[in-house]
Structures are given as structure tokens and as C-alpha cells.
Amino acid sequence: MACCMMYRGDVVPKDVNASIVTIKSKRTIQFVDWCPTAFKVGINNQPPTVVPGGDVAKVQRSVCMMSNTTAIAGVLARMDHKFDLMYSKRAFVHWYVGE
């Protein structure tokens, strides 16, 4: 239906636009007719942050894509259920109480 892409780090807007044009021209992804642009793009020039001692490697750029398709509904429902289970046990709530 539609897609939101949020870039961080060393990303050139010209490359982002070129990739979107390529995706639209291949027509492998179907977009709705009532949304002519189908993409919303955000670019943040700061590189992604890394948690010291974490499992994520340091990278110069990253992208997060969110799309409103019905295929993702099952995944989001499972995540929501897991969150509800953790919240019902008050897991990690103490991290946010003082904020």
C-alpha cells in the first residue's frame, strides 16, 4: 500500500531517490492508486548509535522501513501479545518509572 523509509548516517538523497525510482519502475511491488507517491522518506545525517557491549555492530548507515500492508498484521499481533505479557508482569517498567 504505502511505505515509509527512515535512513540514518552517510546517505545521499540522490541515491535514495534513484532506488525509489527503480522500485517503482520494476512494478514488482503493488501500491494503491489513491496514494500516488507511495513513499515517505526521512534522512538523518547522524550515524546509528551503538550500545557498548551490545550485539549490534557499528555501521555507517542504516535504514528502517515501515509499510502498511496486511501481511505484517500477524507479526505485529504476536509482538503486541508478547509486550502485554511482559507488561502484565511489570518487566522493565522500573526503567521508565523515574523518567
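Atom set for the values below is all heavy atoms of this structure, side chains included, hydrogens, waters and symmetry mates excluded.
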Practice prompt. Would you kindly confirm whether Val12 and Met5 end up in one hydrophobic cluster when ILVMFWY residues are joined by side chain heavy atoms under 4.5 Å apart?
Written response: no
Discussion item. Rounded to the nearest 0.5 Å, what separates atom CG in Asn17 from atom OG1 in Thr22?
Written reply: 10.5 Å
Discussion item. Would you say that more than 12 heavy atoms from the other residues, nucleotides or ligands in this model lie under 6.0 Å from the NZ of Lys24, or not?
Written reply: yes
Worksheet, complete the sentence: For Met6 and Met66 the tightest heavy-atom approach is CE-SD, 3.7 Å
Expected list for residues 49-65: side-chain donor-acceptor pairs under 3.5 angstrom, two or more places apart:
{"unit_1": "Arg61", "atom_1": "NE", "unit_2": "Asp10", "atom_2": "O", "d": "3.2"}

